[in-house]
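All remarks here apply to the structure that follows.
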Amino acid sequence: MQSDISGPHGIAFSPDKKDFFVTIGHGRPFGTALKYETATERVVKQVGLGLFPATADVTPDGNFLFAVNFNLHGDPVPSSVSVVDTNEMVEVARIPTCIMPHGSRISRDGLHQYSACMMNDLLVEVDTEKMKVSRSFRVSAGKEQGFSGLPEEKIEHHEGMTMPMSMPAITCSPTWAQPSNDGSRVFVACQQIQRDRGSGYEGMETGAPHCRGKWRVQSRRNV
């Protein structure tokens with residue numbers, strides 16, 4: 001284990017509380033996830049992940065850790081969610097998602113993992129059994145829309161950087177996703193990046209024709 005300033009970011013406990021997991025953001029260049037024994041605070045195992053792994057959560061059965069690869073210092077390009085077998089501490093899948101995913105949370109029934117994409121104004125849903133993106137939802141005010149899978153994003157190059165062409169229209173840079181206890185809603189922490197000042201909660205229910213099922217998303221916008 002690194003003993004230097006290595007960027008610990010996310011922490012999550014196993015359901016029985018016997019173990020806990022910490023994501024380490026900094027690496028050369030990739031980060032890691034560490035498994036600790038709670039009683040002794042001893043590192044049991046570790047595994048390499050993607051670029052700057054951040055928020056993480058454990059499935060209700062304790063078998064898998066889902067950690068978003070936030071890619072804090074890299075180019076603004078789509079990143080991923082790492083899926084780790086918690087028993088062997090082996091990365092079993094790396095699911096492509098969006099730019100700067102953050103706020104990884106798993107529904108109480110364990111069927112879905114949610115994360116927010118800070119540079120794409122998207123809420124992303126992952127099917128934990130198929131280990132792939134099932135749906136996504138755009139959260140910017142006035143542009144709310146559900147998608148099956150991920151929407152196609154047009155890319156532009158500006159001053160040597162690659163970024164989504166939709167960025168000027170983004171009013172919400174989502175930082176966190178939290179499904180409700182009954183699974184009927186997903187709460188999204190929404191950081192506004194335009195000068196218009198909104199406050200309070202905005203509830204949405206939408207059933208886009210090309211998106212199976214209905215989204216119930218509630219976003220908290222900063223003042």
Side-chain angles (χ1 to χ4, degrees), residues 1-74 79-118 123-132 174-183 186-189 191 220:
M1 174 187 174
Q2 299 172 348
S3 59
D4 198 351
I5 300 173
S6 48
H9 191 106
I11 184 169
F13 278 83
S14 61
D16 60 11
K17 302 298 188 288
K18 291 182 178 179
D19 304 292
F20 65 93
F21 306 86
V22 177
T23 55
I24 305 295
H26 295 163
R28 295 186 176 88
F30 301 108
T32 56
L34 306 177
K35 179 179 182 178
Y36 286 83
E37 186 178 64
T38 305
T40 63
E41 298 184 359
R42 179 177 62 90
V43 176
V44 180
K45 291 181 179 180
Q46 70 179 59
V47 60
L49 301 180
L51 292 169
F52 204 96
T55 331
D57 203 6
V58 180
T59 53
D61 59 12
N63 289 329
F64 296 100
L65 176 79
F66 281 72
V68 293
N69 293 306
F70 187 47
N71 191 15
L72 176 62
H73 305 298
S79 190
S80 59
V81 175
S82 287
V83 185
V84 175
D85 180 321
T86 57
N87 299 298
E88 300 297 326
M89 286 303 286
V90 172
E91 185 184 40
V92 295
R94 189 173 292 185
I95 305 166
T97 54
C98 54
I99 303 174
M100 296 183 77
H102 199 264
S104 174
R105 284 295 176 262
I106 295 172
S107 60
R108 178 167 285 194
D109 60 14
L111 297 179
H112 299 100
Q113 181 260 2
Y114 296 93
S115 59
C117 309
M118 293 184 63
L123 168 67
V124 174
E125 177 187 81
V126 166
D127 184 316
T128 57
E129 293 184 350
K130 296 180 180 178
M131 295 187 183
K132 68 177 186 178
T175 58
W176 203 273
Q178 178 65 56
S180 61
N181 287 339
D182 62 5
V186 179
F187 293 84
V188 178
Q191 177 178 317
R220 179 66 171 94

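Start at 1 with the first residue, then count along the sequence.
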Shortest non-hydrogen separation from [X] to [Y] and the atoms involved:
X: Thr23; Y: Gly10; value: OG1-N, 2.7 Å
X: Leu65; Y: Ala12; value: CD1-CB, 4.5 Å
X: Leu49; Y: Ala33; value: CD1-CB, 3.6 Å

Is there a donor-acceptor pair closer than 3.5 Å between any side-chain N or O of [X] and the backbone N or O of [Y]?
X: Thr32; Y: Gly48; value: no
X: His102; Y: Ala116; value: no
X: Thr55; Y: Gly103; value: yes
X: Thr38; Y: Lys18; value: yes
X: Thr128; Y: Gln113; value: no
X: Ser14; Y: Gly62; value: no
X: Thr86; Y: Asn63; value: yes

Evaluate the side chain to side chain contact (heavy atoms under 4.5 Å, CB included) criterion for residues Val58 and Phe64: first the C-alpha distance (whole Å), next the side-chain angles of each, then the deciding distance (0.1 Å), finally the verdict.
-> CA-CA 6 Å; Val58 180; Phe64 296 100; over 6 Å; no
Would you check, one step at a time, whether the test side chain to side chain contact (heavy atoms under 4.5 Å, CB included) holds for Phe66 with Thr59?
-> CA-CA 8 Å; Phe66 281 72; Thr59 53; 3.8 Å; yes
Quick one: do Glu125 and Tyr114 satisfy side chain to side chain donor-acceptor pair (under 3.5 Å)? Show the steps, please.
-> CA-CA 5 Å; Glu125 177 187 81; Tyr114 296 93; 2.8 Å; yes
Residues Ser82, Asn69; criterion side chain to side chain donor-acceptor pair (under 3.5 Å); working and verdict | CA-CA 7 Å; Ser82 287; Asn69 293 306; 2.9 Å; yes
Student check: side-chain heavy atoms of [X] and [Y] closer than 4.5 Å:
X: Met89; Y: Val84; result: yes
X: Pro53; Y: Val68; result: no
X: Asp19; Y: Phe13; result: no
X: Ser79; Y: Ile99; result: no
X: Ser180; Y: Val186; result: no
X: Ile95; Y: Val83; result: yes
X: Ile24; Y: Leu34; result: yes

Could you note down all residue pairs passing ring pair (Phe, Tyr, Trp, His ring centres under 6.0 Å) where residues 38-60 supplies at least one of them, sequence neighbours left out?
-> His9-Phe52, His26-Phe52, Phe52-His73
Give, for atom [atom1] of [X] and atom [atom2] of [Y], the distance between the pair rounded to the nearest 0.5 Å.
X: Ser80; Y: Phe70; atom1: OG; atom2: CZ; result: 13.0 Å
X: Lys35; Y: Asn87; atom1: NZ; atom2: CG; result: 5.5 Å
X: Leu123; Y: Cys98; atom1: CG; atom2: SG; result: 9.5 Å
X: Trp176; Y: Gln191; atom1: CH2; atom2: CD; result: 14.0 Å

Residue pair Ile11, Phe20: steps toward the side chain to side chain contact (heavy atoms under 4.5 Å, CB included) verdict | CA-CA 7 Å; Ile11 184 169; Phe20 65 93; 4.0 Å; yes
Pairs involving residues 89-111, ordered by first then second residue, that meet salt bridge (Lys or Arg N to Asp or Glu O under 4.0 Å) (sequence neighbours left out) | Glu91-Arg94
Which is it for Leu111 and Glu129 under the side chain to side chain contact (heavy atoms under 4.5 Å, CB included) test, yes or no, and what are the steps along the way?
-> CA-CA 7 Å; Leu111 297 179; Glu129 293 184 350; 3.8 Å; yes
